[in-house]
Number of protein chains: 2
Amino acid sequence: MSRPHSSGSGRGTRSLPAGQPAAQPAVRDLSEGMAARGRRPTAQRLVVLEALRGAKRTVTAPELFDQLREDNPLIGRATVFRTLDSLVDAGLAQRFERPGHVYAYAACSSAHHHHLVCTVCNTTIEIDEAALGMLTRELESRHGFTVHHATLDFYGLCERCAQQESA
Amino acid sequence: MSRPHSSGSGRGTRSLPAGQPAAQPAVRDLSEGMAARGRRPTAQRLVVLEALRGAKRTVTAPELFDQLREDNPLIGRATVFRTLDSLVDAGLAQRFERPGHVYAYAACSSAHHHHLVCTVCNTTIEIDEAALGMLTRELESRHGFTVHHATLDFYGLCERCAQQESA
DNA sequence: TATATATTGAGCCCCAGTATCAAATCAATC
DNA sequence: GATTGATTTGATACTGGGGCTCAATATATA
Ligand SMILES: [Zn+2]
Ligand SMILES: [Zn+2]
Ligand SMILES: [Zn+2]
Ligand SMILES: [Zn+2]
C-alpha cells in the first residue's frame with residue numbers, strides 16, 4: 001500500500017525503488033518470465049506484477065493505472081496496458097471477464113486454461129462437459145467456495161486448419 | 001445468404017420475412033428462451049440467432065451487424081449488440097475472447113461454464129487442474145482438434161462473501 | 001565507454017459498446 | 001377490432017478502454 005517514494009526524476013525507465021522485503025521472488029519470476037520471451041525485466045513491469053500479486057483479486061487496467069500513479073506519478077498509461085498483456089503472455093498473469101463487458105487481470109503462477117475454438121477460422125465445436133461435475137464439487141468443499149458458474153473453452157486448430165497450417 | 005427481401009417499410013419491429021425452410025427449430029428455441037426471461041421473441045432476435053447458428057463460428061458484434069445489414073438495411077446497431085447479450089443471457093449463445101482484446105459470439109445449445117473468482121469482491125483462488133489432462137486428450141482424438149490452450153474458470157462466491165450474503 | 005536493441009510515456013485517435021428517447025410493435029383486455 | 005400499457009426498436013450522440021506514434025531513455029552486449 002505505502003512504499004517509500006523513490007526520488008523520482010527524469011523520464012523513461014528508472015532504477016527500481018530498491019529496498020523491498022522481497023516477500024516473494026517477484027523479481028526472479030519476472031526475470032525468468034521475460035527472459036523466456038526475449039523481453040526485459042524493467043522496473044515498471046516489476047511494479048505492475050507486484051501490485052497484481054498484492055491485490056489478490058482481479059483488477060482492471062484503468063484501476064491498476066490509477067492505483068500505481070499514487071506512488072509513481074511518472075508511470076505511463078500505455079505502459080500499464082502493455083505490461084499487463086506482457087505478463088499474461090509470459091504466464092505471470094491471467095485475464096478475466098466481469099459481468100458487463102469488463103475485463104480484469106490477476107497474478108497467477110501457472111497458466112490455466114469448453115468449446116473447441118479454432119484460432120484461425122474461429123470454427124467452434126461443442127464439447128461434452130460431464131466430467132466437470134466431480135471437479136466442481138471437490139473444489140467447493142476444498143476452498144469453501146460456492147460455484148455459480150464456470151467457463152471452460154479450448155483453443156487451438158480444427159482439423160482443416162491444422163492441415164493447411166502444415167502445407 | 002440471400003433471403004428474399006421483405007418489403008421493408010416504416011420503422012420499428014416488422015413482421016418476419018416469413019418463408020424460411022425452418023431447418024432447425026430456431027423459432028421455437030428463441031420463443032422458449034425469451035419466454036423464460038419474460039422477453040419477446042422478435043423478428044430481429046430471430047434473425048440474429050439464425051445468423052449466429054448459420055455462422056458456425058464466433059462472430060463479433062460489429063461483424064454481425066455489417067452482415068445483417070446487407071439483407072436487412074433497417075436493423076439497428078444497438079439492436080444487434082443488445083440482442084447478442086440477450087441471447088447469451090437466455091443461454092442461446094456464448095461469448096468468447098479472441099486474441100487482441102476482441103470479443104465474439106457463437107450460438108450454443110447448452111451453456112458451458114479455471115480459477116475461483118468471487119463475483120462480489122473479485123477475490124481469486126488458484127485451483128488444481130490435473131484432472132483436465134485426460135479430458136483434453138480425449139477431445140483431441142475425438143474431434144481431430146489440436147488444443148493449444150484452454151481456459152477454465154469458476155465464478156461464484158468465496159467463503160467470506162457467502163457469509164455476508166446470508167447475513 | 002560505445003553501440004544496438006528494447007522500453008517508456010505523452011499525446012492523439014479509434015471504435016466497441018452504451019445511453020437516450022421518440023416511434024413502432026406486441027399482448028392483453030374490453 | 002379498438003384501446004391501452006409494457007417492450008422493443010433504431011437514429012443519434014457520447015464515453016472510455018485500449019492502441020498507435022515517436023522522441024527520449026534505459027538495458028544489454030561488446
Ligand atoms: Zn453459466
Ligand atoms: Zn480452423
Ligand atoms: Zn494458455
Ligand atoms: Zn468474495
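Chain naming here is simple, since letters A, B, ... match the order of the sequence lines and numbering starts at 1 in each.
Under the 4.5 Å side-chain heavy-atom criterion for grouping Ile, Leu, Val, Met, Phe, Trp and Tyr, B/Tyr103 is not connected to B/Phe65 through any hydrophobic cluster. Cluster membership for B/Val88 and B/Val48, using ILVMFWY side-chain heavy atoms within less than 4.5 angstrom, is shared.
If you measure from atom CZ of B/Arg45 to atom C1' of D/dT8, you get 7 Å, rounded to the nearest angstrom. The distance from atom CG of B/Asp85 to atom C1' of D/dT8 is 15 Å, rounded to the nearest whole Å. Rounding to whole angstrom units, CG of residue A/Asn72 and C1' of C/dG9 are separated by 11 Å. For the pair A/Gln44 CD and C/dG9 C1', the interatomic distance rounds to 9 Å; values are reported in whole Å.
The side chain of B/Thr42 sits closest to D/dT9 out of C/dG17, D/dT9, C/dT8. When each of C/dT18, D/dG17, D/dC20 is scored by its nearest atom to the side-chain atoms of B/Arg77, the top-ranked nucleotide is C/dT18.
A/Arg40 contributes a side-chain N or O that forms a donor-acceptor pair with the base of C/dT5 under 3.5 Å. For C/dG9, the base has a donor-acceptor partner in the side chain of A/Arg82 [N/O atoms by modelled type, under 3.5 angstrom].
Between A/Thr79 and C/dT7, a side-chain N or O to OP1/OP2 separation shorter than 4.0 Å is absent. Put simply, A/His101 has a side-chain N or O that comes within less than 4.0 Å of OP1 or OP2 on C/dT18.
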